[in-house]
Number of protein chains: 2
Amino acid sequence: MSTRRDAVHDTLRRSEGFRSAQDVYAEMRQHGAKIGLTTVYRALQALADGGQVDVLRTDDGESVYRACASGDHHHHLVCRRCGHTVEVAGPAVERWAEAVGGEHGFTEITHTVEVFGTCASCSASVRAG
Amino acid sequence: MSTRRDAVHDTLRRSEGFRSAQDVYAEMRQHGAKIGLTTVYRALQALADGGQVDVLRTDDGESVYRACASGDHHHHLVCRRCGHTVEVAGPAVERWAEAVGGEHGFTEITHTVEVFGTCASCSASVRAG
DNA sequence: GGAGATTTTGACAACCATTTTCATTTTGCC
DNA sequence: GGCAAAATGAAAATGGTTGTCAAAATCTCC
Ligand SMILES: [Zn+2]
Ligand SMILES: [Zn+2]
Ligand SMILES: [Zn+2]
Ligand SMILES: [Zn+2]
């Protein structure tokens, strides 16, 4: 629909982990893009609403976005040091969530699942001092 | 340690679902408690740090707290209409999170899991109009 | 009990990501 | 070109949360 939105989407695709709106905005400006912060926010929201990017909340309440390779439902294994992110499927979790909801008479079940850890290369650099 | 902290803890225990700091503050004042908002924030943080209450973030970035019955690791099934909350255990999920982290060389694995739905009584009241 | 040190409290200001506003610019269409 | 509708972005507003700092409560030792 819009050139701006595509530019935001591209910036996100070039990133490895999850990025905040402010983050994306700063990077785009750095690379000479002429875009306003408000538009970045709007583009990210639209992309998230359209399911083209994934969103999650950091511990300090910031929304961060990622253009994932998989369009199917999946979850994330995120390194809490470098942000390196792996997309993971979890059929067992999907079934569990549905089952636990059903057992208690709940309907229209949704769920949020995120896994955090320290990735191999970060572990290595810590050991190296 | 402090009377204020206990008062906050008690207020939370009397609540059914997750409550925000502002929420707890308003209720305490309503009941005549003489306490400041800053102190409520500090008490909730201390309780959360001590593992005496559970915290989670709402979609709009608000931190909400709950004094759960179980002191063991567990997750929550939350009604998105009335906030009614059930504490649920998920051994399968625990194992899955560890496994998926390990498979990708991650260590110090943690995870966040929340299940949302519409509870039976809310479904009923919707049907009743 | 009391002086002084230490901790806790809370009114208020500061923070900061996000949203709203609204005037300007760009786009879509004839 | 002309014009309506949509997009843009600078600046102001919002709102939950945190920082500040002086006053109040609590502890400590005599
Ligand atoms: Zn993803
Ligand atoms: Zn899932
Ligand atoms: Zn709990
Ligand atoms: Zn768990």
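Order of the sequence lines fixes the chain letters, A, B, ..., with proteins taken first and strands second; residue numbering starts at 1 for each chain.
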- B/Val113 backbone acceptor or donor facing B/His75 side chain under 3.5 Å: yes
- Does the base of D/dG19 carry an N or O that pairs as donor and acceptor with the side chain of B/Arg42 under 3.5 Å? no
- B/Tyr25 OH to D/dG16 P, in whole Å, measures 13 Å
- Task: When you get a sec, tell me which of C/dT18, D/dT18, D/dG9 is the closest nucleotide to the side chain of A/Ile35?
- Result: D/dG9
- Considering only heavy atoms and no angle criterion, is a donor-acceptor pair shorter than 3.5 Å present between the side chain of B/Arg57 and the base of D/dG16? no
Just list the side-chain donor-acceptor pairs under 3.5 Å for residues 60-68 of chain B, sequence neighbours left out, or say none.
residue	atom	partner	partner atom	Å
B/Asp60	OD1	B/Thr58	OG1	2.9
B/Arg66	NE	B/Glu16	O	2.9
B/Arg66	NH1	B/Glu87	OE2	2.8
B/Arg66	NH2	B/Glu16	O	3.1

- Query: So does A/Gln45 get a side-chain nitrogen or oxygen closer than 4.0 Å to the phosphate oxygens (OP1/OP2) of C/dT19?
  - Reply: yes
- Within this structure, what is the OH-to-P distance between A/Tyr41 and C/dT20, rounded to whole angstrom? 13 Å
- Query: Is the shortest distance from a Lys or Arg side-chain nitrogen in A/Glu27 or A/Arg14 to a carboxylate oxygen in the other one below 4.0 Å?
  - Reply: no
- Message: Any side-chain to backbone donor/acceptor pair from A/Arg19 onto A/Thr11? Under 3.5 Å, distance only.
- Response: no
- Message: What is the separation between atom CD on A/Glu62 and atom C1' on C/dA17, rounded to the nearest whole Å?
- Response: 7 Å
Residues 29-43 of chain A side chain polar contacts: donor-acceptor under 3.5 Å, at least two apart:
residue	atom	partner	partner atom	Å
A/Arg29	NH1	A/Tyr25	OH	3.3
A/Arg29	NH1	A/Ile35	O	2.7
A/Tyr41	OH	A/Gln22	NE2	3.0

- Message: Nearest whole Å is fine: how far is D/dG9 C1' from A/Met28 CE?
- Response: 13 Å
- Task: Could you tell me the separation between the CG atom of B/Asp60 and the P atom of D/dG16, rounded to a whole number of Å?
- Result: 9 Å
- A/Asp49 CG - C/dT19 P separation (whole Å): 11 Å
- Message: From CG of A/Leu44 over to P of D/dT8, roughly how many Å is that when rounded to an integer?
- Response: 13 Å
- Which of C/dA11, D/dA11, C/dA17 is nearest the side chain of A/Thr38? It is D/dA11
- Message: Just the rounded figure in Å: distance from C1' of C/dC16 to CG of A/Asp59.
- Response: 17 Å
- Among C/dT18, C/dG10, D/dT17, the nucleotide that comes nearest once only the side chain of B/Ser63 is considered: D/dT17
